[in-house]
Amino acid sequence: MKPGLRNLAVAVSAIAFASLQSFALDTKIFTFVGDRPMVTHTTCRAETCDLAIHLDNPFLNGKKVTRIRVLTDPKAQPMEDFKVWLSMSLNLEENEAGENVNAPDILSVSGTPDSEGWLDVTLPEPYTLTDKGVYAGYSFTITEYSGDGGKPIPYSQDRHPGGFWFHGTKSAIEWMDCEDQMNGVLPVYVYLEGEYPPVSVAVSGWDTEFPYVQIDREFSLPVKMMNLGSEPIREITYRYTVQNSVGEGKVTLVNPIVPDIVDPTTLYLTFGAVTELGGHTVRLDLREANGEANGSEFSGIDLPVECRTLVPVKRVLLEEGTGTWCSACPRGAAAIESLNSLYGTRVIAAAYHAGNDPMSTGARLPASFSYFPGAVLNRGDIIDPYYGDDHTLSQAFAIRPLVDEALDLPAEASVEVMSEWIDEAHDMLDVSAETAFPEGYSGKFYKMLFILTADGLKGPSPLWDQANGLGNWNQDSYDENMKAWAAKGNPIVGLEYDHVVLLANAAYEGVPLPDAMEPAETFLARGTFNLKKAVSVFERNKGESLVQDENKLSVIALLVDADGHVVNCAKAPVGGSSLCAVDVFTSEECRLTSTEYYDISGRRLSSDVCGIQIRISRYSDGSVKADKILR
């Protein structure tokens with residue numbers, strides 16, 4: 001979700017934006033324009049152009065539109081007949097010349113741009129917004145197209161649905177939604193007068209189409225909320241009711257929710273367990289924010305959930321190709337830091353160092369990267385770890401919507417990983433992963449793979465210095481995390497490297513799953529890592545062990561399908577279990593809660609089967625112990 005000019009004290013960039021003035025605290029500015037550069041466009045015709053944005057935020061119901069301010073460029077072509085207008089829908093009617101012309105159904109007001117191109121109109125009477133939203137637009141006529149390259153339509157390279165509607169009497173005879181085509185939004189600023197309490201947080205619903213919860217287990221789901229007040233929100237207290245039981249929760253935010261009347265913020269809230277299968281309703285009330293009573297009239301909502309026998313925790317795997325020699329690669333590290341701060345353990349990163357890099361172990365890359373940094377999300381298409389699928393490298397942090405989309409889909413299977421040392425010297429590591437499919441399957445192919453990673457790797461300068469060219473690029477397109485990396489200098493000396501892949505199963509390796517599994521049936525896949533193989537293959541430190549600290553090693557388990565795509569994954573520190581992060585217990589007493597038995601191939605066994613078995617012991621503190629026994 002992209003920040004725009006949401007509040008009175010926000011600076012705007014590009015053409016003459018400094019001329020925006022501050023207004024009273026009971027007025028806010030609605031715009032899709034953020035901090036991206038401004039560019040211009042032309043239709044190459046002498047025609048009347050109509051442009052609009054769509055305001056459809058139900059929380060703005062009752063606010064009054066008092067003023068509309070638009071950036072134009074009359075110097076680009078001879079232009080006249082400027083208007084700003086409001087309309088419930090985008091209407092066209094035929095004029096005497098047989099052209100389809102704009103027909104706004106609320107109001108239309110003429111105006112004249114100033115010397116800097118600002119068309120600024122105060123409405124004769126304020127217009128009160130309804131829950132149906134409104135289109136705010138402007139029009140002008142190009143009287144003569146000179147063809148000298150002048151482009152009369154400025155727009156920002158920010159992105160937002162509803163941010164660029166266009167109609168031209170010759171070039172687009174019907175209204176067109178051009179936000180995707182133009183990769184931008186129009187510089188329209190709508191001034192909204194109303195009451196904005198200092199503390200006002202509205203909640204609009206789940207930020208997922210699949211609000212599934214697992215029976216008898218505390219659950220967390222993403223909630224969309226919006227700060228309509230004037231203060232950043234750093235703490236939220238909420239109450240919920242489900243199945244006639246009442247609970248409370250409090251969330252303290254590392255990154256405050258800033259005031260924003262355009263885009264909601266997504267925040268994961270935790271709720272108590274549901275004890276009956278089927279559909280239920282959660283009543284959610286955001287009672288307080290920043291320790292004060294919530295002043296929003298939209299603070300409460302009823303939300304549906306569906307309780308199921310098994311609801312796997314969904315995680316995504318971001319694997320990147322990187323290198324100390326790669327001056328562009330710090331943007332990958334910056335993106336991973338931002339993703340981990342936003343999603344925690346639900347985004348798992350693995351960094352494959354390659355080429356003339358002291359951390360290069362020769363581990364096979366997950367894809368054939370033609371450039372660095374290159375990345376794959378769940379082993380899909382090759383993307384950039386920061387810019388995502390924006391190959392123009394212009395859309396800041398475009399990896400985030402791809403991650404959102406992946407996390408929003410229900411997990412096809414559960415994956416939990418654990419590990420333990422096999423020998424006293426800690427050279428051999430036993431790794432195992434448990435998986436189950438809520439719906440079961442038959443006639444499909446799946447395989448479990450394992451990756452060993454290390455955090456905090458470091459070494460002497462200049463061998464371990466990281467090339468860093470971020471400071472040479474346009475920093476206006478960076479998020480705050482990336483700007484912090486740009487400020488580290490070039491090269492970065494003394495850097496500690498995280499998520500470094502030491503050992504990994506190749507795609508043709510791993511543990512195949514059975515041809516069929518029943519719903520909720522579990523399978524245990526096991527493997528082994530020889531840490532003596534975790535050494536550098538770079539000529540300058542060839543053979544040097546990259547196991548610098550056993551306490552900073554982690555194991556990633558990834559379940560892949562027949563196409564090699566990651567179905568789900570999990571990560572846990574060596575000697576621990578990923579279950580520790582998701583299991584919920586009501587007592588601090590550590591006790592044995594369950595014991596399960598598997599054969600060597602990973603099939604779950606009944607308790608009366610004799611022979612060599614793998615025993616999985618689960619404890620109330622979330623820890624899991626796996627050992628081999630003879631029964």
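A donor-acceptor distance shorter than 3.5 angstrom exists from the side chain of Asn227 to the backbone of Glu231, with no hydrogens or angles considered. No donor-acceptor distance shorter than 3.5 angstrom exists from the side chain of Ser108 to the backbone of Pro104, with no hydrogens or angles considered. The backbone N or O of Thr270 lies less than 3.5 Å from a partner atom in the side chain of Tyr238, making a donor-acceptor pair. Of the possible donor and acceptor atoms, one in the side chain of Thr31 sits under 3.5 Å from a partner among the backbone N and O of Val188. Although no hydrogens or angles enter the test, the distance criterion places a donor-acceptor pair under 3.5 Å between the side chain of Asn568 and the main chain of Arg315. Between the side chain of Lys28 and the backbone N or O of Gly229, at least one donor-acceptor pair lies under 3.5 Å. Judged purely by atom type and a 3.5 angstrom limit, Asn294 uses its side chain to pair as donor or acceptor with the backbone of Leu286. Counting only distance, with no hydrogens or angles, the side chain of Thr141 and the backbone of Thr143 share no donor-acceptor pair below 3.5 Å. Put simply, the side chain of Glu47 gets close to the backbone of Lys170: a donor and an acceptor are under 3.5 Å apart. Arg346 places a side-chain N or O within donor-acceptor distance of the main-chain N or O of Lys314, the cut-off being under 3.5 Å.
Applying the side-chain contact (heavy atoms from CB on, under 4.5 Å) criterion to Asp105, with sequence neighbours excluded, gives Ser87, Met88, Ser89, Asn91.
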- Task: Step by step, work out the side-chain contact (heavy atoms from CB on, under 4.5 Å) result for Val376 and Ile383.
- Result: CA-CA 6 Å; Val376 286; Ile383 56 176; 5.8 Å; no

- Task: Check the pair Lys83 / Asp50 against salt bridge (Lys or Arg N to Asp or Glu O under 4.0 Å), numbers first and verdict last.
- Result: CA-CA 9 Å; Lys83 297 182 178 70; Asp50 307 299; over 6 Å; no

- Show the numbers, then the answer: is there a side-chain contact (heavy atoms from CB on, under 4.5 Å) between Leu269 and Val251? CA-CA 8 Å; Leu269 300 183; Val251 179; 3.6 Å; yes

- Message: Set out, in order, the CA-CA distance, both residues' side-chain angles and the distance that settles side-chain contact (heavy atoms from CB on, under 4.5 Å) for Leu123 and Leu86, then state yes or no.
- Response: CA-CA 10 Å; Leu123 305 188; Leu86 293 173; 3.9 Å; yes

- Is there a side-chain hydrogen bond (donor to acceptor under 3.5 Å, both in side chains) between His160 and Asp263 once you walk through the steps? CA-CA 9 Å; His160 200 289; Asp263 280 323; 2.6 Å; yes

- Task: Apply the test side-chain contact (heavy atoms from CB on, under 4.5 Å) to residues Lys250 and Ile236: give CA-CA distance (whole Å), side-chain angles for both, the deciding distance (0.1 Å), then the verdict.
- Result: CA-CA 6 Å; Lys250 179 183 288 188; Ile236 288 176; over 6 Å; no

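Interatomic distance, CD of Glu292 versus OG1 of Thr237, reported as 11.5 Å (0.5 Å rounding). Expressed to the nearest 0.5 Å, how far CG of Asp35 lies from OG of Ser156 amounts to 8.0 Å. Annotation: the span from Asp260 atom CG to Ile233 atom CD1 amounts to 12.5 Å, rounded to 0.5 Å. Distance check, rounded to the nearest 0.5 Å: CZ of Phe30 to CD1 of Ile53 gives 5.5 Å. In this structure, Asn61 CG and Thr130 OG1 are separated by 6.5 Å, a value rounded to the nearest 0.5 Å. Put simply, CG on Asn378 and CG on Leu407 are 8.5 Å apart, with the number rounded to the nearest 0.5 Å.
For Glu195, the CD atom counts as loosely surrounded, since its 6.0 Å shell holds 12 or fewer non-hydrogen atoms of other residues, nucleotides or ligands. Atom CD of Glu235 is surrounded by more than 12 heavy atoms from other residues, nucleotides or ligands within 6.0 Å. The number of heavy atoms from other shown groups lying within 6.0 Å of CD1 (Ile173) does not exceed 12.
Looking at Ile153 and Thr42, their side chains never come closer than 4.5 Å, going by heavy atoms from C-beta outward. Contact of the Ile301 side chain with the Trp206 side chain is not registered, since no non-hydrogen atoms from C-beta on lie closer than 4.5 Å. You'll find the side chain of Val311 stays beyond 4.5 Å of the side chain of Val213, heavy atoms only. Taking 4.5 Å as the limit, some side-chain heavy atom of Thr72 sits within range of a side-chain heavy atom of Phe82. Looking at heavy atoms from C-beta onward, Val39 lies in side-chain contact with Gln157 at the 4.5 angstrom threshold. Counting heavy atoms from C-beta outward, Asp207 and Val223 have side chains that stay 4.5 Å or more apart. Between Asn481 and Tyr386 there is no side-chain heavy-atom pair separated by less than 4.5 Å. Counting only heavy atoms from C-beta outward, the side chains of Thr392 and Tyr387 never approach each other to under 4.5 Å.
Annotation for Met482 and Ala334: closest pair CA-CB, 3.8 Å, computed over non-hydrogen atoms. Closest approach of Val121 to Gly111, counting heavy atoms only: CG2-CA, 4.3 Å. Shown here for Leu253 and Leu267, the closest heavy-atom pair between the two residues is CD2-CD1, 3.3 Å. Nearest heavy-atom pair, Pro154 versus Thr40, reported as atom, atom and distance to 0.1 Å: CA-CG2, 4.0 Å. Across all non-hydrogen atoms, the minimal contact from Ser245 to Val242 is OG-O, 2.8 Å. A pairwise comparison of heavy atoms in Val65 and Ile68 identifies CG1-CG1, 4.3 Å as the closest pair.
No donor-acceptor contact under 3.5 angstrom links the side chains of Ser341 and Glu337, judged on distance only. A side-chain donor-acceptor contact under 3.5 Å links Thr128 and Lys64. With no hydrogens or angles considered, a side-chain donor-acceptor pair links Thr208 and Asp408 at under 3.5 Å. Neither side chain, Thr169 nor Thr48, offers a donor N or O lying under 3.5 Å from an acceptor on the other. With hydrogens and angles left out, the side-chain atoms of Tyr343 and Arg400 include a donor and acceptor closer than 3.5 Å. A donor atom on one side chain and an acceptor atom on the other are found under 3.5 Å apart for Ser146 and Gln77.
Note: Tyr135 and Trp165 have perpendicular aromatic rings, judged against thresholds of 30 and 60 degrees for the angle between ring planes. Using bins of under 30°, 30° to 60° and over 60° for the plane-to-plane angle, the ring pair Tyr240/Phe271 lands in the perpendicular bin.
One finds a salt bridge joining Arg67 and Asp120 here, because a Lys/Arg side-chain nitrogen approaches an Asp/Glu carboxylate oxygen to under 4.0 Å. Salt-bridge annotation for Glu193 and Lys63: absent, with no side-chain N of the basic residue lying under 4.0 Å from a carboxylate O of the acidic one. In this structure, Arg287 pairs ionically with Glu248, as a charged nitrogen and a carboxylate oxygen lie closer than 4.0 Å. Salt bridge Asp285/Arg239: absent, no basic N to carboxylate O contact under 4.0 Å.
Taking the six-membered ring for Trp and the full ring otherwise, the centers of Phe164 and Tyr155 sit less than 6.0 Å from each other.
Annotation: salt bridge (charged side-chain N to carboxylate O under 4.0 Å, His left out) contacts involving residues 380-395, sequence neighbours excluded, comprise Arg331-Asp384.
The cationic atom of Lys488 (NZ for Lys, CZ for Arg) lies less than 6.0 Å from the six-membered ring centre of Trp485 and within 45° of the ring axis. Under the 6.0 Å distance and 45° angle rule, Arg308 counts as a cation-pi partner of Tyr212.
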